[in-house]
Enquirer: 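One structure follows; several queries about it will come next.
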Amino acid sequence: MDIRTNGSYVYFLIDDNLVFSYKIESLTYISLHELRNSQHSAIYDLESYQMFQDFEHENRESIQGRGIFLGEESLKEIITQINKVIKMQKKTQKIKGKKAIHLVATEQIASQLIVDLNEQIEVIGLDAALTFGPLQQLNEHYGQMERSEWFYENINREYEEESPYMITLVNKINNMDDMNEERPVYIWCGNNIEEQLALRFFTFLFETKPNPLYLINTSDLLKKKVTSNEQVVHTAQLKSEELKVIFNQIDNENIISPKTKERLITEWLTIANGKELLRIWRNQAILPVAIDYYDHKIVEAWKRMHAEEQIDYIMTSQLIWETMEEENLLIDHNFLEYRIRHLVYSGVFEMKGIPKNRRRYFVRLK
């Protein structure tokens, strides 16, 4: 797909005689939603392929009442290229700002920080589901495509069409890469697998950047700063007052030392380059485990529900929550749904319904 830029406009040559024009209206990375809902995109007709090099939308009338069909890969390519142009424009403008940015593992935690701290703070919630799937070269295009393909083949994300996983993740990585080097970076985490993996990935992304990094381990600081006896392992479990106390007491003691930074980066590379596709948090350490690690817990959860409710076919969504609650698992529910489908395909479970989403099919033990 050929591409040209003209100021804030990006042109894409489609099928040799059609041009798709998109106007960049802000320096915010776009997703599929913005592409589909832009009021400043248009289609133009070309007499020949060679005319694309001299094409300018100002001298043309756009085609009215006609749409074009683009496959998923073509849409992703267009979004990627538009975001590359936005990235170059950001560098050109050299956006300044010393205000701290807060990095957290999930959008849920990001929303909580914004609400509870009652501050005009900037927060990035990664939502990368780092617990499972390939992680090698996640900051590079090749690694991102490998992970995207694995997710496409295995993980049933219900809102993938509206918010493609990898496009959203790459936009967040780009936002971190664009940050002014003087801005302090606050990395929040608890003592659980997803937040600990995010901590190491965030640190890796700032490997060559001079930004001061602060580690805000909420599980540890809750005891130290708030003197609480609560056993909190996830940042989302903290009360608003507790978050405020921790936030207001952040100081130089929280700065990540060069030695700690090097250790976290080394640990990330070891994890990312490993062959295992599932990680757990045990004894304050990240451990790689076999992909079927939770399978027996799912089966045991089904047996409990079967004994209590005296029914054979159990809705997949109910089985997932039973497994998570009874086993006290901090694991993405999409991963457990993937393992339930695997148990169906391997003959452990029998299925009734359509595995379009977790509420559309039921399973029973054979």
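Quick note: numbers below take in every heavy atom, side chains included, and nothing from hydrogens, waters or symmetry partners.
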Enquirer: Considering residues, nucleotides and ligands other than E207, do more than 12 of their heavy atoms fall under 6.0 Å from its CD?
Expert: yes
Enquirer: Looking at residues at least two apart in the chain, or sitting in another chain, which of them share a side chain to side chain contact (heavy atoms under 4.5 Å, CB included) with L277?
Expert: P134, W150, I291
Enquirer: Taking only residues at least two apart or on different chains, which pairs with a member in residues 136-150 satisfy salt bridge (Lys or Arg N to Asp or Glu O under 4.0 Å)?
Expert: none
Enquirer: Which residues, ordered by chain and number, are linked to V233 in its hydrophobic cluster, where ILVMFWY side chains connect at heavy-atom gaps below 4.5 Å, directly or through other members?
Expert: L330
Enquirer: Would you mind listing every salt bridge (Lys or Arg N to Asp or Glu O under 4.0 Å) that reaches into residues 254-265, with sequence neighbours excluded?
Expert: R263-E267
Enquirer: Considering residues at least two apart in sequence or located in another chain, which fulfil the side chain to side chain contact (heavy atoms under 4.5 Å, CB included) criterion with S240?
Expert: D116, K244
Enquirer: Test of understanding: with side chain to side chain contact (heavy atoms under 4.5 Å, CB included), list the residues that count as partners of E309, not counting sequence neighbours.
Expert: M305, I311
Enquirer: Might you confirm whether atom CD of E61 has over 12 heavy atoms from other residues, nucleotides or ligands at distances under 6.0 Å?
Expert: no
Enquirer: Could you pull out every donor-acceptor pair under 3.5 Å between side chains of residues 268-276 and any protein atom, sequence neighbours left out?
Expert:
from: T270; atom 1: OG1; to: T266; atom 2: O; distance (Å): 3.0
from: N273; atom 1: OD1; to: Q136; atom 2: NE2; distance (Å): 3.4
from: N273; atom 1: ND2; to: L269; atom 2: O; distance (Å): 3.0

Enquirer: Output all residues satisfying side chain to side chain contact (heavy atoms under 4.5 Å, CB included) with S8, sequence neighbours left out; order by chain, then residue number.
Expert: K23
Enquirer: State which residues pass ring-ring contact (aromatic ring centres under 6.0 Å, His included) with H57; sequence neighbours excluded, sorted by chain then number.
Expert: Y9, Y11
Enquirer: By the rule that ILVMFWY residues connect when side-chain heavy atoms come within less than 4.5 angstrom, directly or transitively, which residues belong alongside M315?
Expert: Y313, F362
Enquirer: Strictly by modelled atom types, are D220 and N191 linked by a side-chain donor-acceptor pair under 3.5 Å?
Expert: yes
Enquirer: Any salt bridge (Lys or Arg N to Asp or Glu O under 4.0 Å) involving residues 277-293? Give me the pairs, sequence neighbours left out, ordered by first then second residue.
Expert: none
Enquirer: If two hydrophobic side chains count as joined below 4.5 Å and joins carry through other members, does I286 share a cluster with V289?
Expert: yes
Enquirer: Please identify each residue that fulfils ring-ring contact (aromatic ring centres under 6.0 Å, His included) with Y293, with sequence neighbours left out.
Expert: none
Enquirer: Under a plain distance cut-off of 3.5 Å, with no hydrogens placed, do S31 and E34 share a side-chain donor-acceptor pair?
Expert: yes
